[in-house]
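Each remark here refers to the structure printed beneath this line.
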Amino acid sequence: MTVLAFAEQRNGKMPKAAYEALSQGRRIADSMEDNLYVCLVGNNVSGLAEEIAACGGDEILMCDSEVFSSYQTETYAAVLTAAIRELEPGIVLMGYTSMGKDIAPRVAERIGAGLISDCTDMEVKGNEIYFIRPMYAGKVFTRVRVRTPVKICTLRPNNFRVDKKQGKGELRKFTAEVPEVRAKVTKIKVQESKRPELTEAEIIVSGGRGLGKAEGFRIVEEVADTLGAAVGASRAAVDAGWRPQQHQVGQTGKVVTPNLYVACGISGAVQHLAGMGSSRCIVAINKDPDANIMKMADISIEGDLYKILPELENQIREFKGRET
Amino acid sequence: MKIVVCIKQTFDSEASISLNETGGIDDQSVIQIVNPYDEYAVEEAIRLKEKYGGEVTVVTVGKENARKALHQCLAMGADHTLLVNDPQLEDADSHTYAVVLSTVLCTMDYDLILCGREAIDTSVSQVPSRLAERLDLPQINMVSHLEIVEGNVKATRDIEGGSEIVESALPAVISVQKGINEVRYPSLRLIMRAKKMAIKTFSLADLGLTMDDVAPYLSVEEYIFPEPRKEGMRLKGEVNEVVTQLIQHLRHEVKVL
Amino acid sequence: MEEQYVEDLKKTIFEWTSKCRICMSCYTDCPLQLSTKGFLTQGPTGITKALYYGILWNTLEGKDAEDLREIVYNCTTCGGCVNRCKTSACGIEVIDVVETGRQFLIEKMIGPMSEQRSALESIYKYGNPYGEAPEKRLDWLEDAEVKRLPGDKAEVLFYVGCTTSYEPELHGLARSLVKLFKFLNLDFGVLEGEVCCGDPARSIGDEFLFEEMKTLNVEKFTAAGVKTIVTASPHCFNAFNKKYEELADKFEVVHYTEFLARRFEGKESFFEKELPYTITYHDPCYLGKHNDIYEAPRELIRKIQGATLVEMEMTGANSLCCGGGGGRMYAEMKEEQRLADMRVRQAQAVGADMITTACPWCHTMIQNAVRDLQLQDEIQVRDIAELLSESLGL
Ligand SMILES: Cc1cc2nc3c(=O)[nH]c(=O)nc-3n(C[C@H](O)[C@H](O)[C@H](O)COP(=O)(O)OP(=O)(O)OC[C@H]3O[C@@H](n4cnc5c(N)ncnc54)[C@H](O)[C@@H]3O)c2cc1C
């Protein structure tokens with residue numbers, strides 16, 4: 001079974017989810033004793049070949065032209081479709097990112113393929129692959145099989161290991177006919193942030209209604225920054241206007257799987273748990289010992305967050321200082 | 001402007017999930033609602049109608065019970081509703097929905113198709129793009145702001161760490177995201193009144209579709225219920241002591257710091 | 001042509017507001033005047049006039065509509081202005097105007113405030129405004145002996161109410177009432193499948209949802225076959241007594257303070273355990289201003305050995321609203337608008353170390369204020385029922 005991974009990039013940088021797709025692709029290719037093909041689309045992106053090879057890419061189909069300088073659904077979909085038609089892979093992998101969510105179903109319908117979105121795990125059994133994915137906000141998981149010859153799968157970020165394993169890294173120029181773009185990206189606004197992207201972060205410090213006011217997030221940010229963490233928020237905090245929608249964790253926000261999730265002044269409503277319930281370690285800071293979050297956290301501290309967070313920041317600084 | 005909104009009835013987000021005798025998800029004992037993202041789509045459609053005139057048609061594929069969801073949309077201000085209900089749609093996946101919806105839409109006149117970013121039950125985020133592909137229309141997903149400028153749409157689409165501005169001619173398929181608007185509240189009186197309004201209902205045969213046309217691409221082999229998270233270590237007391245304990249634990253036991 | 005229903009709403013609003021002579025006496029009684037910048041629209045006349053002109057000039061779109069919503073939903077329906085207008089002016093039922101105005105705004109899909117939406121939806125779906133599971137409603141009840149109606153039969157129904165049932169901080173109130181009823185050897189029970197009285201739906205402006213809850217409750221009460229209904233909340237009490245015409249003559253509805261004051265008359269000697277607190281009593285608006293019940297709660301407090309009752313600056317008919325009524329309970333309050341914070345300061349000023357009240361909403365609002373002001377170590381918030389049961393050693 002041929003394996004194809006889509007190496008998502010923006011401005012010549014691949015998000016963590018792209019590395020995860022490559023690595024997972026490598027592992028499947030290994031078990032199938034086949035090559036890992038990679039589809040790379042962009043403008044001046046040949047520099048990525050080395051990194052792709054380091055994650056196991058054998059043959060990189062590179063579509064490199066000014067036309068692809070920014071992501072447009074229609075042009076990128078055309079290239080990915082052409083690559084799939086040429087290689088006839090058994091499986092196509094990419095990240096469940098804003099790009100992956102946009103392009104994967106479009107391509108899947110075009111080639112008549114089943115698509116597993118937001119996959120959290122996979123089992124390869126002989127020539128069959130079983131996909132695990134959450135439903136009902138993680139209250140249940142399903143084990144799914146894809147009936148079509150080409151199976152497309154988008155991977156939930158932070159759920160698949162990134163391994164360094166050298167592939168052949170052969171770069172092959174690839175071209176495809178692209179249509180006139182109808183829905184055109186005319187502007188991209190990305191706020192430069194020193195903090196990691198929420199879905200990719202290893203550590204997230206989140207705040208909720210318990211912070212009481214917008215300024216309350218300052219202390220959350222300070223703790224996050226000492227840890228190199230991302231900052232998240234509950235819906236209550238977002239709806240109160242204390243944080244932008246992009247920071248909301250949960251059913252109507254982002255789904256995250258960090259190694260450490262620190263919930264400050266968040267009660268742990270099911271809709272919030274839907275977004276962070278599979279974090280590896282959950283720490284809850286809450287004054288209410290009966291709050292739902294306290295009953296499912298790995299470590300919970302009962303008390304006032306305005307007393308605990310400054311102390312936490314101090315102590316982290318201290319041991320970080322000692323380490324360096 | 002003629003706007004079609006595709007909605008889905010989903011379980012209430014509080015619902016607990018269990019299996020029925022046939023091993024499927026039990027949908028009998030749960031409260032069902034209009035998928036929250038689709039509510040934003042309906043709201044946006046009504047706002048556009050209020051601004052530019054036209055009409056809003058809400059389409060859903062669902063069971064008899066899905067009428068309730070359509071009543072809510074009517075109460076909010078939708079003009080027409082349409083339900084595709086067929087026992088053969090039991091195993092529907094997003095490809096199936098796209099086939100059915102595109103068939104319905106082929107018979108209609110529209111300038112804009114609105115959907116929610118995802119349904120909170122299966123959360124696959126596929127139907128809008130699959131539908132756009134089948135209708136050969138441009139798509140804009142995850143939209144948190146929408147404007148009509150000289151007959152074109154100008155949309156803000158959320159991406160990691162920021163947003164993109166996407167412009168497109170109409171018709172187009174747009175999936176919306178939380179933040180685009182605040183959904184109005186239809187009072188119980190308006191819902192009761194909506195119950196007396198007509199809902200067009202179609203079966204697959206009415207649409208000229210066969211089982212083969214709507215055969216799903218995916219098959220669910222098993223439902224797995226995750227182990228509930230257990231209560232962990234509880235810390236309480238002197239602030240500096242509990243924080244020290246926390247850090248020790250995170251460093252040496254969990255090894256995340 | 002607009003529907004008759006909407007026309008009627010407009011008519012009600014017009015009729016009442018045209019009677020107003022704009023004497024502004026009511027502003028002295030409006031808590032909003034204390035908690036806001038004191039604009040004209042942050043008081044009774046301004047609110048009703050804003051509605052009047054909004055409808056008259058049909059300025060019901062965009063920013064105008066948002067402003068009007070903000071103005072009309074600001075009112076806590078405490079009732080101060082109504083009483084003032086009755087005694088000093090022309091007797092306008094300001095709260096009726098405000099509630100009718102909210103119905104109108106809901107019809108126009110301008111109301112309610114966004115946070116109130118989920119409360120209404122939840123009442124419709126689950127029978128309580130908090131999105132809680134109906135089957136968990138009686139989870140607070142530890143006592144397995146308590147009768148459950150309508151399966152069991154009893155003379156008195158203890159109608160617990162949504163907030164008291166679901167808010168852990170109020171479970172003490174619910175359990176204390178059970179203990180007190182048992183102490184009195186009362187033949188009482190709670191309802192299996194109790195649902196919201198509908199008061200929040202009414203005050204936020206979904207009259208039909210209120211009617212729906214009313215129908216459900218009347219059915220349940222009738223099936224329970226009781227004579228008397230005792231409520232924990234003044235809001236449920238007020239709704240049953242004044243807005244449920246169907247209950248009149250069939251059931252006696254009493255708030256627990258009056259009920260207990262009657263039953264404990266002459267039983268002072270039982271309250272043996274000393275509770276040496278300086279207690280102040282916060283009059284809930286729906287007990288005091290709306291129903292003239294000022295004495296019963298105070299009588300009860302006076303029975304407690306060792307306790308000293310002190311009155312705050314604003315008390316009785318002049319009591320300061322906690323800010324939770326009129327559907328405000330579900331809406332976020334801006335920092336400067338927290339009436340409950342002011343109330344706690346007033347309690348502090350008279351040297352109270354305990355605030356008692358007899359309303360689950362007042363309790364929650366004041367408890368939160370004490371926490372916000374970080375006064376937990378100085379001031380406790382307890383319900384009268386809790387103090388009584390403690391003083392009886394129950
Ligand atoms: C369809 C739908 C979708 C939803 N989607 C989401 C979603 O994506 N994400 C989401 O988060 N929610 C979502 N919600 C909302 C969810 O139900 C909750 O309302 C929300 O998560 C509550 O946020 P919170 O925990 O910050 O606030 P609360 O529930 O009010 O909790 C605040 C907590 O802070 C604690 N606290 C207060 N003060 C302090 C202090 N000084 N120190 C320590 N602790 C303190 C309190 O004890 C309490 O536990 C959704 C709801 C619906 C109906």
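Letters A, B, ... are given to chains in the order of the sequence lines, protein chains preceding strands, and every chain is numbered from 1. For the numbers below, each heavy atom of this structure counts, side chains included, while hydrogens, waters and symmetry mates do not. These numbers come from a predicted model, not from an experiment.
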Please flag which part of [X] lies under 4.5 Å from any non-hydrogen atom of chain A: side chain, backbone, both or neither.
{"X": "B:Asn35", "answer": "neither"}
{"X": "B:Ala132", "answer": "both"}
{"X": "B:Phe11", "answer": "side chain"}
{"X": "B:Ile120", "answer": "both"}
{"X": "B:Lys178", "answer": "both"}
{"X": "B:Thr244", "answer": "both"}

Count the heavy-atom pairs under 4.5 Å between each of [options] and chain A, then report the option with the highest count.
{"options": "B:Thr156, B:Val99, B:Asn152, B:Asn240", "value": "B:Asn240"}
{"options": "B:Val153, B:Ile25, B:Leu131", "value": "B:Ile25"}
{"options": "B:Asp158, B:Val254, B:Leu137", "value": "B:Leu137"}
{"options": "B:Val220, B:Val243, B:Ile140", "value": "B:Val243"}
{"options": "B:Pro228, B:Gly179, B:Ser163", "value": "B:Ser163"}

Q: Please round to the nearest 0.5 Å and tell me the distance separating atom CD of B:Gln126 and atom CD1 of A:Ile152.
A: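 So the gap between those two atoms works out to 9.0 Å.
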Close side-chain approach of [X] to [Y], heavy-atom, < 4.5 Å:
{"X": "A:Asp304", "Y": "B:Val239", "result": "no"}
{"X": "B:Leu250", "Y": "A:Ile299", "result": "yes"}
{"X": "A:Thr73", "Y": "B:Gln139", "result": "yes"}

Using atom types as modelled and distance alone, determine if a side-chain donor or acceptor of [X] lies under 3.5 Å from a backbone N or O of [Y].
{"X": "B:Glu160", "Y": "A:Ser98", "result": "yes"}
{"X": "B:Ser129", "Y": "A:Arg106", "result": "no"}
{"X": "A:Arg147", "Y": "B:Pro216", "result": "yes"}
{"X": "A:Lys139", "Y": "B:Ala15", "result": "yes"}

Q: Please assess B:Arg134 against A:Glu109 for the test salt bridge (charged side-chain N to carboxylate O under 4.0 Å, His left out), listing each intermediate value before the final yes or no.
A: CA-CA 7 Å; B:Arg134 295 193 75 83; A:Glu109 193 61 29; 2.5 Å; yes
Q.
I need the residue from A:Arg133, A:Gln72, A:His247 with the largest number of non-hydrogen atom pairs under 4.5 Å to chain B.
A.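 If we count pairs closer than 4.5 Å to chain B, A:Arg133 comes out on top.
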(Q) Salt bridge check, B:Glu221 against A:Arg143: does any charged N sit closer than 4.0 Å to a carboxylate O? (A)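 No, this pair does not count.
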Q | Heavy-atom proximity to chain B below 4.5 Å, by part of A:Ile282 | A | both
Q | Stepwise side chain to side chain contact (heavy atoms under 4.5 Å, CB included) test for B:Arg234 and A:Lys295 | A | CA-CA 9 Å; B:Arg234 291 241 183 193; A:Lys295 294 177 188 149; 3.9 Å; yes
Q: May I ask you to check whether over 12 heavy atoms, not counting those of A:Lys16, lie within 6.0 Å of atom NZ?
A: yes
Q. Only one of B:Lys154, B:Glu167, B:Glu164 clears side-chain hydrogen bond (donor to acceptor under 3.5 Å, both in side chains) with A:Thr186; which?
A. B:Glu167
